There are 2 protein chains.
Amino acid sequence: MPRAGLDTDTVVAAGADLADEIGFANLTMGRLAERVGVRTPSLYKHVASQDDLVRRIAAVGLTGAGDAIGSAIQGRSGRDALGAAARALREFVLAHPGRYAATVGLEPTGPDDPLAVAAATSMGPFTAVLRGYDIAPDDMTNALRALRSAFHGFATIESAGGFQWSTDTDESFDWLVDLIDTGLRAKPAG
Amino acid sequence: MPRAGLDTDTVVAAGADLADEIGFANLTMGRLAERVGVRTPSLYKHVASQDDLVRRIAAVGLTGAGDAIGSAIQGRSGRDALGAAARALREFVLAHPGRYAATVGLEPTGPDDPLAVAAATSMGPFTAVLRGYDIAPDDMTNALRALRSAFHGFATIESAGGFQWSTDTDESFDWLVDLIDTGLRAKPAG
DNA sequence: ATCACTGGCTAAGTGTGTTAGCTTATGGCT
DNA sequence: AGCCATAAGCTAACACACTTAGCCAGTGAT
């Protein structure tokens, strides 16, 4: 009876990959166990429950998205940085739909929830982007939430196949980025 | 053995109410059966499956949101109409979180999917709102998708408790509306 | 070489979605 | 009023999925 040599990170990573492949809704403990070459109950040596697994996958997804956005804005600023950040988020969600789907609909358990921390840090790059605009310090949180709402909304709707008419989604995305950029520029700083 | 006198609409409406009360994730066929005073298998006389039920609840949710937005913009135009529409959507989602949660993550099955139709018509009022701005006809779809992304994103994140810091969400919402309004106004029509 | 630890296993329990097949209330027709 | 087709409810049973309990064996330190 040889051992598979799993640990928590391996299991979570495999779960994230599997969710991307077969869709988050189809992720089950049984399928994940099969994927990593082990029987279902053995997974519970590495994660406490399915909910625990999902939260860890979500954290991985948020961290990944944040990293992608962070490196996308390197050396850019202003409209350029905004576009690069938004594009990076969108491409991450399209490339990793399962991981990202795991992040929606999770109530944060507390202020020091690792998931909440991951969510906060993953949005960090957007703060950097906003520094390229003339935003009053008091409005920083509002602006961050606006960006997050708009790009998260677009990415999740697109990822779920929610845009019906066959009009080019790339064009719609660029239009949204331009709308936000224009708004941020024209809005009075106070 | 008296009859409960159910039909599909009754079951779906009860399901929507129950989802609002206990949360969409906690909606089960068993709980719904108990709610309507019937045994679980009896529900299958009125809906084909749980997936069918969810899609019907989602359609009810989208229709309800669309109606709320539609009546909110009566007699308003421009920034006023935009704010009223956005506020109506947000309040609908906060008042009916379960119904609205049912709408996310559903692949439309086809072009004549009743769900797709409901989604399209529910966004109709936003088209009316956009007529108050100087949008090129070719950009109408892009603008509609932008509005939908932004307000859907905000509403779902807020409804899921995703906004961490204790900064006032009302203020953030107004800020978002103002950002979009400013952007739509300043963006060149071509 | 031994021993504590730990990662794997099987067995079993609970809850949820679903189907099959029976029974009887309901409403229309004669 | 009585008859009958339809369909709404029921029980029983199955298929999975998540989870726990408890056993066994591989692993690494002493």
Side-chain angles (χ1 to χ4, degrees), chain A residues 1-59 98-99 101-102 104-107 109 115, chain B residues 1-60 98-99 101-107 109 115:
Chain A
M1 197 189 300
R3 288 203 183 181
L6 298 178
D7 62 3
T8 302
D9 289 346
T10 313
V11 168
V12 172
D17 288 344
L18 188 54
D20 287 341
E21 288 173 30
I22 67 176
F24 175 67
N26 299 118
L27 178 66
T28 114
M29 299 297 276
R31 273 195 259 262
L32 176 54
E34 191 182 17
R35 163 67 66 106
V36 299
V38 106
R39 303 294 194 144
T40 306
S42 304
L43 294 178
Y44 290 82
K45 298 288 179 172
H46 307 291
V47 295
S49 63
Q50 185 171 239
D51 185 74
D52 180 38
L53 171 70
V54 169
R55 297 182 103 85
R56 287 172 188 274
I57 291 175
R99 255 164 184 73
V104 316
L106 292 181
E107 297 274 352
T109 60
L115 185 58
Chain B
M1 197 190 298
R3 288 201 183 178
L6 300 178
D7 62 3
T8 302
D9 288 347
T10 313
V11 169
V12 172
D17 288 344
L18 188 55
D20 287 342
E21 288 172 31
I22 67 177
F24 176 67
N26 300 118
L27 179 66
T28 89
M29 298 299 275
R31 272 195 260 264
L32 176 55
E34 188 181 19
R35 163 67 66 105
V36 300
V38 106
R39 304 294 196 141
T40 306
S42 305
L43 294 178
Y44 290 82
K45 297 289 179 171
H46 306 292
V47 295
S49 64
Q50 185 172 238
D51 184 74
D52 179 39
L53 172 70
V54 169
R55 297 182 102 86
R56 287 171 189 273
I57 291 175
V60 165
R99 257 164 183 73
T103 68
V104 316
L106 291 180
E107 297 274 353
T109 61
L115 185 59

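Remember, it's a predicted structure, so these values are computed and weren't measured experimentally. Quick note on labels: first sequence line is chain A, next is B, and so on, each numbered from 1. The analysis underlying the following values was restricted to heavy atoms, covering all of them including side chains, and did not include hydrogens, waters or symmetry mates.
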Whole-Å distance between [N] [atom2] and [X] [atom1]?
X        : N       : atom1 : atom2 : answer
Lys45(B) : dG17(C) : NZ    : P     : 19 Å
Met29(A) : dG8(C)  : CE    : P     : 13 Å
Ile22(A) : dA17(D) : CD1   : P     : 10 Å
Leu53(B) : dT18(C) : CG    : C1'   : 14 Å
Leu27(A) : dA17(D) : CG    : P     : 11 Å
Leu6(A)  : dC9(C)  : CG    : C1'   : 14 Å
Glu34(B) : dT16(C) : CD    : P     : 11 Å
Tyr44(B) : dG17(C) : OH    : P     : 6 Å

Any Lys/Arg nitrogen of Glu21(A) or Arg35(A) sitting under 4.0 Å from an Asp/Glu carboxylate oxygen of the other?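 Yes, Glu21(A) and Arg35(A) are salt-bridged.
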Which heavy atom in Ala101(A) sits nearest to a heavy atom in Phe24(A), and how many Å separate them? CB-CB, 3.7 Å
As a test of understanding, state which of Arg56(A), Arg55(A), Gln50(A) forms a side-chain hydrogen bond (donor to acceptor under 3.5 Å, both in side chains) with Asp52(A). Arg56(A)
Once you round to the nearest 0.5 Å, how far does CD1 of Ile57(A) lie from CZ of Arg99(A)?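 The distance works out to 8.5 Å.
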Working to the nearest 0.5 angstrom, can you tell me the gap between Leu6(A) CG and Leu43(A) CG? 7.5 Å
Phosphate oxygens OP1/OP2 of [N]: is one of them under 4.0 Å from a side-chain N or O of [X]?
X        : N       : answer
Thr40(A) : dA17(D) : no
Arg39(A) : dT10(C) : yes
Thr28(A) : dA17(D) : no
His46(B) : dA7(D)  : no

Which nucleotide in the set [options] lies at the smallest distance from any side-chain heavy atom of [X]?
X        : options                   : result
Val38(B) : dC9(C), dA12(D), dG9(D)   : dG9(D)
Ser49(B) : dC18(D), dT18(C), dG9(D)  : dT18(C)
Arg3(A)  : dA25(D), dC10(D), dT19(D) : dA25(D)

